[in-house]
Novice: 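First, the structure itself, so that you have it in front of you.
Just so we're clear, the structure is a prediction, and the values are computed from it rather than from any experiment. Sequential numbering from 1 along the given sequence is applied to the chain's residues.
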Amino acid sequence: MISAQAWEDAQIIWDFHQMHHEPRACSVAVGLGSHDLGVADATVDLYERGLVPLVLFTGSTSPTTRERMPRGEAVHYRDRALELGVPDSAVLVEPNARNTGENIRFSRTVLEEQGVDVTSVLLVSKPYEERRAYATARKLWPNVEIVSASTPMTLADYVDSIGDARLVIDMLVGALQRLLIYPEQGFMVAVPVPDDVMAAYDRLRGAGFTSRLVAHSP
């Protein structure tokens with residue numbers, strides 16, 4: 001049973017993780033690989049709206065995607081985009097990245113090798129990964145404008161899509177922990193975290209929503 005307080009805290013963190021950017025025309029859309037094919041769908045939607053002339057999907061496999069996406073996240077995302085009608089000529093694939101930092105660095109390299117002039121990027125991620133992806137890109141790709149995007153959906157809708165409420169809250173807590181500790185490790189720019197978000201985070205950790213935390217020594 002998940003308490004009303006835990007749901008309230010999860011909503012606070014869910015809202016914080018999203019950047020609330022208005023999608024606008026950019027040089028390219030970069031879809032970050034994961035277990036969630038909704039990222040591919042959101043990227044295709046941006047392309048179909050005429051906001052980008054080109055999309056790039058990035059990602060290898062992880063323990064959570066190896067069985068569902070054996071050929072790699074980016075390759076399966078590409079297949080999804082082609083199935084939805086995006087022409088092959090408008091889709092690039094970066095199949096080697098295994099974390100968000102590599103997603104950004106390797107995508108940047110692919111676009112440079114293809115001679116794509118990039119001044120702005122629509123960075124597409126899972127809804128609760130928007131702020132983390134943005135902070136990582138600001139660190140590793142500082143000379144371009146980053147516009148965050150994801151599938152527009154509520155926390156309740158996302159929980160329904162995953163089918164495991166506790167896991168979703170664990171993921172929200174884990175994503176916030178990374179925002180707190182990764183800047184000092186050089187992985188992303190520092191992100192101010194409001195007091196109410198920190199209080200929600202502390203309560204959820206105290207309530208045992210910790211399966212997605214990483215080991216960390218101050």
Novice: Got Leu111 and Leu92 here, is their nearest side-chain heavy-atom distance under 4.5 Å?
Specialist: yes

Novice: Atom CG in Asn103, atom OG1 in Thr58: separation rounded to 0.5 Å?
Specialist: 4.0 Å

Novice: Decide yes or no for His21 and Leu122: does some side-chain heavy atom of the first lie under 4.5 Å from some side-chain heavy atom of the second?
Specialist: no

Novice: Answer whether the closest heavy-atom distance between the side chains of Val173 and Thr210 falls below 4.5 Å.
Specialist: no

Novice: Is any side-chain heavy atom of Tyr201 closer than 4.5 Å to a side-chain heavy atom of Val193?
Specialist: no

Novice: Measuring from Trp7:CH2 to Leu155:CG, what's the distance to the nearest 0.5 Å?
Specialist: 6.0 Å

Novice: For residues Met171 and Val191: do they belong to one hydrophobic cluster (side chain heavy atoms under 4.5 Å, members Ile, Leu, Val, Met, Phe, Trp, Tyr)?
Specialist: yes

Novice: Side-chain contact, heavy-atom cut-off 4.5 Å: Lys126 with Tyr158?
Specialist: yes

Novice: Sequence neighbours left out, what passes side chain to side chain donor-acceptor pair (under 3.5 Å) with Glu145? Give chain and number order.
Specialist: Arg24

Novice: Over all heavy atoms of both residues, which pair between Arg108 and Pro142 is shortest? Give the atoms and the distance, please.
Specialist: NH1-CD, 4.3 Å

Novice: Go through the steps for Arg131 and Leu179 under the test side-chain contact (heavy atoms from CB on, under 4.5 Å), then give the verdict.
Specialist: CA-CA 8 Å; Arg131 195 169 295 271; Leu179 283 173; 4.2 Å; yes

Novice: Should Leu204 and Ile162 be counted in the same cluster of Ile, Leu, Val, Met, Phe, Trp and Tyr side chains packed under 4.5 Å apart?
Specialist: yes

Novice: Of the options Val28, Val30, Val147, Val144, which is the one that meets Leu123 in a side chain to side chain contact (heavy atoms under 4.5 Å, CB included)?
Specialist: Val30

Novice: Using 0.5 Å steps for rounding, measure from the CG atom of Leu176 to the CD1 atom of Ile12.
Specialist: 11.5 Å

Novice: Would a distance-only check, ignoring hydrogens and angles, find a side-chain to backbone donor-acceptor pair under 3.5 Å from His17 to Arg132?
Specialist: no

Novice: Looking at every non-hydrogen atom in both residues, tell me the closest pair between Pro127 and Gln18 and how far apart they are.
Specialist: O-CG, 3.2 Å

Novice: Restricting to non-hydrogen atoms, name the atom on Val189 and the atom on Pro183 that form the minimum distance, rounded to 0.1 Å.
Specialist: O-CG, 3.6 Å

Novice: Under a 3.5 Å distance rule, please check whether Glu130 uses its side chain to pair with a backbone N or O of Met19 as donor and acceptor.
Specialist: yes

Novice: Please evaluate residues Val93 and Val75 with respect to the criterion side-chain contact (heavy atoms from CB on, under 4.5 Å), reporting the C-alpha separation (whole Å), side-chain torsions for both, the decisive distance (0.1 Å), and the verdict.
Specialist: CA-CA 7 Å; Val93 168; Val75 173; 4.3 Å; yes

Novice: When rounded to the nearest 0.5 angstrom, what distance separates CZ in Phe209 from CD1 in Ile2?
Specialist: 5.0 Å

Novice: How long is the span from the OG1 atom in Thr136 to the NZ atom in Lys139, to the nearest 0.5 Å?
Specialist: 10.5 Å

Novice: Going by heavy atoms in the side chains, are Glu83 and Asp79 under 4.5 Å from each other?
Specialist: no

Novice: Would you say Asp164 has more than 12 foreign heavy atoms packed within less than 6.0 Å of its CG?
Specialist: yes

Novice: Begin from the C-alpha positions of Thr100 and Met188 and carry the test side-chain contact (heavy atoms from CB on, under 4.5 Å) through to its verdict.
Specialist: CA-CA 10 Å; Thr100 308; Met188 62 177 64; over 6 Å; no

Novice: Mind listing the closest non-hydrogen atom pair of Leu54 and Ala90 along with its distance?
Specialist: CD1-O, 3.4 Å

Novice: Looking at side-chain heavy atoms only, is the closest gap between Thr43 and Val52 below 4.5 Å?
Specialist: no

Novice: Between the main-chain N or O of Tyr134 and the side-chain N or O of Ser148, is there a donor-acceptor pair closer than 3.5 Å?
Specialist: no

Novice: In terms of hydrophobic clustering (I, L, V, M, F, W, Y; side-chain heavy atoms under 4.5 Å; direct or indirect links), are Leu37 and Tyr128 co-clustered?
Specialist: no

Novice: Would Glu102 and Asn96 count as a side-chain contact (heavy atoms from CB on, under 4.5 Å) if you check the C-alpha gap in whole Å, the side-chain angles of each, and the deciding distance to 0.1 Å?
Specialist: CA-CA 8 Å; Glu102 289 186 351; Asn96 299 310; over 6 Å; no

Novice: Indicate yes or no for a side-chain donor-acceptor contact from Ser27 to the backbone of Thr119 under 3.5 Å, with no hydrogens or angles considered.
Specialist: yes

Novice: Of the non-hydrogen atoms in Pro194 and Pro192, which two are nearest, and what is the gap between them?
Specialist: CD-O, 3.8 Å

Novice: Side-chain heavy atoms nearer than 4.5 Å, only ILVMFWY residues, links allowed to pass through others: does that put Phe187 and Phe106 together?
Specialist: no

Novice: Could you work out, with side chain to side chain donor-acceptor pair (under 3.5 Å) as the rule, every residue matching Arg138, not counting sequence neighbours?
Specialist: none

Novice: Has the side chain of Arg80 got a donor or acceptor atom that lies under 3.5 Å from a matching backbone atom of His76?
Specialist: no

Novice: Can you tell me how far CD1 of Ile13 sits from CD of Glu8, rounded to the nearest 0.5 angstrom?
Specialist: 11.5 Å

Novice: Quick one: do Leu180 and Trp14 end up in the same hydrophobic cluster if we chain Ile, Leu, Val, Met, Phe, Trp and Tyr together by side-chain heavy atoms under 4.5 Å apart?
Specialist: yes

Novice: Would you indicate whether the side-chain heavy atoms of Arg78 and Val86 approach each other to under 4.5 Å?
Specialist: no

Novice: What are the two closest heavy atoms between Ser120 and Ala25, and how far apart are they?
Specialist: OG-O, 4.2 Å

